[in-house]
Amino acid sequence: MKPLTCSIGENAGKLWCVLERNTELTVQQMKELSGLKTADLFAAIGWLAREGKIFCREQNDELYFSNRYIQGSFVFG
């Protein structure tokens, strides 16, 4: 069995690739495109957030994520 940090890092890589192919995605869209389970997706978001490599903004009670700055978004940390 792989150490948990390896899995989270690999999932962060998967998520990064999904974000690289898209401008901005909701949580549901990221789940569908990455194939990650909810807990794995949020762990990957946390990994990218810790590295300052993911941006988020809220619009109409929906969170949108991107790997590039979009007007109105914020970086974690």
Side-chain angles (χ1 to χ4, degrees):
M1 188 159 112
K2 276 192 250 185
L4 185 57
T5 54
C6 288
S7 296
I8 295 171
E10 289 174 9
N11 290 340
K14 284 181 191 176
L15 180 56
W16 177 263
C17 290
V18 167
L19 290 170
E20 192 65 20
R21 291 188 300 268
N22 297 275
T23 304
E24 187 174 52
L25 297 170
T26 65
V27 170
Q28 187 60 40
Q29 290 169 325
M30 288 188 296
K31 281 178 61 175
E32 290 170 7
L33 294 171
S34 69
L36 296 175
K37 297 176 187 173
T38 302
D40 294 333
L41 176 69
F42 282 109
I45 290 170
W47 181 287
L48 293 173
R50 177 78 171 121
E51 294 183 344
K53 295 183 176 178
I54 193 166
F55 297 87
C56 182
R57 70 179 184 88
E58 183 180 7
Q59 182 178 335
N60 301 325
D61 294 325
E62 184 83 61
L63 292 176
Y64 292 86
F65 292 87
S66 179
N67 64 348
R68 51 187 84 78
Y69 179 79
I70 295 174
Q71 184 68 33
S73 61
F74 63 90
V75 68
F76 299 86

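All heavy atoms count here, side chains included; hydrogens, waters and symmetry mates do not. Residue numbers start at 1 and run along the sequence shown.
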Spacing of [atom1] belonging to [X] relative to [atom2] belonging to [Y], to within rounding of 0.5 Å:
| X | Y | atom1 | atom2 | answer |
| --- | --- | --- | --- | --- |
| Ser66 | Leu25 | OG | CG | 8.0 Å |
| Asn11 | Asp40 | CG | CG | 5.0 Å |
| Ile8 | Leu15 | CD1 | CG | 13.0 Å |
| Phe65 | Phe55 | CZ | CZ | 12.5 Å |

If you compare all heavy atoms of [X] against all heavy atoms of [Y], which two are closest, and at what distance to 0.1 Å?
| X | Y | answer |
| --- | --- | --- |
| Ile70 | Ser73 | O-OG, 2.6 Å |
| Leu19 | Arg68 | O-NH1, 4.0 Å |
| Val75 | Ile54 | CG2-O, 3.7 Å |

* To do: Before giving the answer on side-chain contact (heavy atoms from CB on, under 4.5 Å), spell out for Thr26 and Tyr64 the whole-Å C-alpha distance, their side-chain angles and the decisive distance to 0.1 Å.
  => CA-CA 5 Å; Thr26 65; Tyr64 292 86; 3.6 Å; yes

* Asked: In terms of hydrophobic clusters joined by side-chain contacts under 4.5 Å, are Leu63 and Leu33 together?
  -> yes

* To do: Can you sort out the partners of Glu32 under side-chain contact (heavy atoms from CB on, under 4.5 Å), two or more places apart, ordered by chain and number?
  => Gln28

* With sequence neighbours excluded, give me every salt bridge (Lys or Arg N to Asp or Glu O under 4.0 Å) pair touching residues 44-57. => Glu24-Arg57, Glu51-Lys53

* With sequence neighbours excluded, what pairs up with Glu58 under the side chain to side chain donor-acceptor pair (under 3.5 Å) test? -> none

* Asked: Going through the distances and angles, do Val27 and Phe42 end up as a side-chain contact (heavy atoms from CB on, under 4.5 Å)?
  -> CA-CA 9 Å; Val27 170; Phe42 282 109; 3.9 Å; yes

* Asked: Sub-3.5 Å donor-acceptor pair from the side chain of Ser34 to the main-chain atoms of Met30, do we have one?
  -> yes

* Taking only residues at least two apart or on different chains, which pairs with a member in residues 12-23 satisfy side chain to side chain donor-acceptor pair (under 3.5 Å)? -> Glu20-Asn67

